Amino acid sequence: MISETIISAVDDVVEQMLANAGGQKPERLKIIVEHPANLTHGDYSTNVAMQLAKTLKKPPMSIAGEIKERLLAHVKINALFYKIEVAAPGFINLYLDWGKWASEASRGAILPDPDRKSAKVLIEHTSINPNKSAHIGHLRNSCIGDTLARMLKRIGQQVEVHNYIDDLGNQLADTVVGFMHTKTEEPFARFGDFCWETYAKINKAYKANPDLQKERAVVLHELEQGSSNVAWLGLLVAERIVREHLEELKQFGVEYDVLVWESSIVREGFWSQAFELLRTTPIFRQETEGKLAGCWVLKQAEDGGSSADNEDFHADKVLVRSNGILTYTAKDIAYHLWKFGLLGKDFHYAKFTDRVWSTQQDGVKKTIGHADRVINVIDRRQEYPQAMVKQALLALGYEQQAQHLQHVSYGVVSLSPDTAADLGVDITERKHSYPMSGRQGIGIKVADLLDRMEQIIDAKRSRRTGLSSRVIAAAAIRYYLLKFHLQTEIVFDFEQATEISGNTGVYLLYSYARACSILDKVKSESGQTAPPAAFDDLELQEHTLLRQLAYWPEILHTAVQELAPNHICAYMHELATLFNHFYATCPILRAENRKKHVRVWLTERFRETLRDALQVLGLPTPKRM
RNA sequence: GUCCCAGUAGCUCAGUUGGAUAGAGCAUACGCCUUCUAAGCGUACGGUCGGGGGUUCGAAUCCCUCCUGGGACGCCA
């Protein structure tokens, strides 16, 4: 990558200068290379001279001048840049030689090549409770997880995607209780939608008749035992729902390698094994008195004794309830020991669909799991239980694994007042946003959003060629859910989410198709145009487009580093915008020979780069639209 | 009570390991298709970066403090 080349060259140069001056390299000297916002500041710039002013006891400008001279003599810098300038108060700006860059870019040399044999990364995402249809909050999770998997694969890492199915949880039990104690008369097209209503109804019934909640405990117990009629019913419900979820998410390009069922964890004896391990640690023990008497808990450090005044809040985490039933976190700890290959036990597997495996007791052995790094995509509200899993690993002495266990936390999706009102929520309080609630049956179902988006696109599109409106709709929704910073709580608004102009997936696909259409007319095969040797008299729009193309490897790298898909979205929108400016300003096919060559080549590079980025985000690459 | 996250244009959001004139989309107004895809492009309008203090060559970004909103701390997941 270009920025890496600059950093290493600057590092060489700075070291020489410090050695000459007899100085030490400052501890916290970070050489940062930026993409200047302004074209006149070059294509890359660094502020290292200003950082060194104190150490070298010289004005930044003179330091920058010296670094510039030494960089100009540096082989690697010389090979890529034609000019370096110093700008007040001490910036060093570097200008790419586009002819040289072009020959490298065409060889693909600049893109990150697959690393040498890398560690195995296990990504868990989706993990929706299998008791009702999915809503857009679930979809955000799946899109993030699926995109992270694609990002890591793109840079050559070995990735395995897991979807954890909580088929022994309260929520599934609730839906089962709902089957037996609520009434349904209206028809539903999908099983999950019927369950959605049933789940809301049973929660309402619990309020009216709290005794009914005892039923849940009974069902939960039967689910865990696994042999009764009720257990079979639960299994059927969960499996049917999971199939609907997978089918639905497939439309958004979301895919998995393996489903891990919570019931498998229990029945394969994973918990018993984990329990024996945990018992050897001082922080795991059974309470004999107090509120948690009879429970097995993970003890948390008392902080200064002030917690005594707040009996409502205590940090200890129950893993086994006093009635002997396991909590989610208990099973999650066993699961994570297994993910890292630390349990000494393994699952068996059977095919769930033609490409997805599923844990199954009478299945076959597979080399699944045994990861070096684990990424869990789970919303921010679950930071505490995730921390408990990590703490259990630490308590067992697995420090390295704990360090390589990463919770990718993201903000929840809530509803704008207008959209909440559409769903019948009372918005007289005029809050900024309204939470979705499965228990109350409040939420935007994925299928409903997709249907509505499809209709909107169908009504507004001006051409019927290429992708179907439904495929475009799914892509638009996926992009919408990925473009926000992970920590941002998405306040979902129907009007805003269904935009088809501006910073949207539709705009990106359209720009891609536009480039394809133009290149079709020159009958250019991909990558066929030879890179121009020189780029003289570049138009502003040509230059800015070139620059943005050059930045792609670095953006991808940063996004992977930070596990932040939104960087890629922002980059692509900028890239597409610059291409459209270029398109509007510079005739491509009608230009004269030399210019035409440059412009066709640029359009080709744009198409290839955008295609790469679209694929990393899991979006389609339509030749026509 | 303890801890975490956030507050940037009318709305929704980028930008936050300190950098050069704080950006985008939507909305509003006005323009641009006999010419490569108008799902596009252009112009205009729009800001005490929640308030106050501090650190320094330089702060939306770091520190302190206050205000406001959201979340976690459950024998739910």
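Everything numeric here is computed off the predicted structure, so don't read it as measured data. Lettering follows sequence order; numbering is per chain, from 1.
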Ignoring backbone atoms, establish whether A:H432 has a side-chain N or O less than 4.0 Å from OP1 or OP2 of B:rC11.
no

Has A:H41 got a side-chain N or O lying under 4.0 Å from the OP1 or OP2 atom of B:rG19?
no

Establish whether the base of B:rA72 is bridged to the side chain of A:D379 by a donor-acceptor pair shorter than 3.5 Å.
no

Say you pick atom C1' in B:rG47 and the same atom in B:rG15; how far apart are they, in whole Å?
15 Å

Donor-acceptor contact present, side-chain A:T603 to main-chain A:A515, <3.5 Å:
no

Ignoring backbone atoms, establish whether A:R321 has a side-chain N or O less than 4.0 Å from OP1 or OP2 of B:rA77.
yes

Counting the atoms with a prime plus P, OP1 and OP2 as sugar-phosphate, which does A:Q382 contact under 4.0 Å by heavy atoms, base, sugar-phosphate, or nothing?
base

Nearest-nucleotide comparison on RNA chain B, the residue closer to the 5′ end among A:I32 and A:Y328:
A:I32

Donor-acceptor contact below 3.5 Å, side chain A:D316 vs main chain A:K299
no

B:rA39 phosphate, OP1 or OP2, under 4.0 Å from A:Y510 side-chain N/O:
yes

Using the P atom on both, measure B:rA29 against B:rU34 and round to a whole Å.
24 Å

Would you state whether a donor and an acceptor, one from the side chain of A:T329 and one from the base of B:rA77, lie under 3.5 Å apart?
no

Taking B:rU21 as the reference, what is the distance to B:rA38 when you measure between their P atoms (whole Å, please)?
37 Å

RNA chain B: 5'-proximal contact among A:V318 and A:N38 (nearest heavy atom):
A:N38

Mate of B:rA22 where both pairing distances stay under 3.5 Å, Watson-Crick or G-U
none

Check for a donor-acceptor pair, side chain of A:T544 on one end and backbone N or O of A:Q541 on the other, with a separation under 3.5 Å.
yes

Taking the same atom, P, in B:rU17 and in B:rC11, what whole-Å distance lies between them?
26 Å

Just checking A:N93: base, sugar-phosphate only, or nothing, at a heavy-atom cut-off of under 4.0 Å?
base

Could you tell me whether A:S322 contacts a base, only the sugar-phosphate backbone, or nothing, with contacts defined as non-hydrogen atoms closer than 4.0 Å?
base

What's A:R380 touching, base or sugar-phosphate or nothing? Going by heavy atoms closer than 4.0 Å.
sugar-phosphate

With sugar-phosphate meaning primed atoms plus P, OP1 and OP2, does A:F91 contact a base, only sugar-phosphate, or nothing at under 4.0 Å between heavy atoms?
base

For A:N129, answer base if it contacts any base atom (sugar-phosphate contacts may also be present), sugar-phosphate if it contacts only those atoms, and nothing otherwise; contact means non-hydrogen atoms under 4.0 Å.
sugar-phosphate

For A:F275 and A:W296, I'd like to know if the aromatic rings sit close, meaning centre-to-centre distance below 6.0 Å.
yes

Which part of the nucleic acid, if any, lies within contact of A:K623, taking any heavy atom under 4.0 Å across all strands shown: a base, the sugar-phosphate backbone alone, or nothing?
base

Between A:T488 (side chain) and A:I490 (backbone), is there a donor-acceptor pair under 3.5 Å?
no

When we call it a touch if two heavy atoms are under 4.0 Å apart, what does A:E489 touch: a base, just sugar-phosphate, or nothing?
sugar-phosphate

If only side-chain N and O atoms of A:R439 are considered, is one of them under 4.0 Å from the OP1 or OP2 phosphate oxygen of B:rC76?
no

Span that lies between the P atom of B:rC45 and that of B:rG50, in whole angstrom
24 Å

Given B:rA77, B:rA20, B:rG70, which nucleotide is nearest the side-chain atoms of A:P36?
B:rA20

Using the C1' atom as the reference point in each nucleotide, state the distance between B:rG18 and B:rC57 in Å, no decimals.
12 Å

Counting the atoms with a prime plus P, OP1 and OP2 as sugar-phosphate, which does A:N47 contact under 4.0 Å by heavy atoms, base, sugar-phosphate, or nothing?
base

Of all the nucleotides listed (B:rC75, B:rA72, B:rC13), which has the minimum atom distance to the side chain of A:F484?
B:rC13

Paired with B:rA14: which nucleotide, if any, by Watson-Crick or G-U wobble criteria at under 3.5 Å for both distances?
none

If only side-chain N and O atoms of A:S462 are considered, is one of them under 4.0 Å from the OP1 or OP2 phosphate oxygen of B:rA39?
yes

Tell me whether the side-chain N/O atoms of A:H485 come closer than 4.0 Å to OP1 or OP2 in B:rC13.
no

Any ion pair linking A:D458 and A:R464 (charged N to carboxylate O, less than 4.0 Å)?
yes

Which atom pairs, one a donor and one an acceptor, fall under 3.5 Å between side chains of residues 564-576 of chain A and the rest of the protein, sequence neighbours left out?
unit_1, atom_1, unit_2, atom_2, d
A:H567, NE2, A:E562, OE1, 2.8
A:Y571, OH, A:Q548, O, 2.6

Is the backbone N or O of A:G411 less than 3.5 Å from a side-chain atom of A:R140, with the two atoms forming a donor-acceptor pair by type?
yes

Any A:Y571 side-chain N or O less than 4.0 Å from OP1/OP2 of B:rG15:
no

Does A:S501 have a side-chain nitrogen or oxygen under 4.0 Å from the phosphate oxygens OP1 or OP2 of B:rC26?
yes

Could you tell me which nucleotide pairs with B:rG1 by Watson-Crick or G-U wobble geometry, both distances under 3.5 Å, or answer none if nothing does?
B:rC73

What residues 583-595 of chain A contributes to the RNA chain B interface at heavy-atom separation below 4.0 Å is A:Y583, A:A584, A:C586, A:P587, A:I588, A:L589, A:R590

Watson-Crick or G-U wobble mate for B:rU43, both contacts under 3.5 Å
B:rA29

Of the listed B:rA38, B:rG70, B:rC26, the closest approach to the A:E499 side chain comes from B:rC26

For B:rC33, measure the glycosidic angle (O4'-C1'-N9-C4 for a purine, O4'-C1'-N1-C2 for a pyrimidine) and name it syn if it falls within 90° of 0, otherwise anti.
syn

Under 4.0 Å: is that the gap between some side-chain N or O of A:N566 and OP1 or OP2 of B:rG15?
yes

Mind checking if A:V297 touches a base, just sugar-phosphate, or nothing, with heavy atoms under 4.0 Å?
nothing

Identity of whatever pairs with B:rU56 - Watson-Crick or G-U, under 3.5 angstrom:
none

Rounded P spacing from B:rG25 to B:rU35 in Å:
26 Å

Please tell me if A:K30 has a side-chain N or O lying less than 4.0 Å from either OP1 or OP2 of B:rG18.
yes

Describe the nucleic acid contact of A:P60 in one word from base, sugar-phosphate, nothing, applying a heavy-atom distance below 4.0 Å.
nothing

Measuring only the C1' atom in each nucleotide, how far is B:rU8 from B:rG69? A whole number of Å is fine.
16 Å

What orientation do A:F284 and A:W271 show, parallel under 30°, tilted 30 to 60°, or perpendicular over 60°?
perpendicular

Would a distance-only check, ignoring hydrogens and angles, find a side-chain to backbone donor-acceptor pair under 3.5 Å from A:Q487 to A:S409?
yes

Are A:Y583 and A:F606 an aromatic pair by the rule of ring centers under 6.0 Å?
no

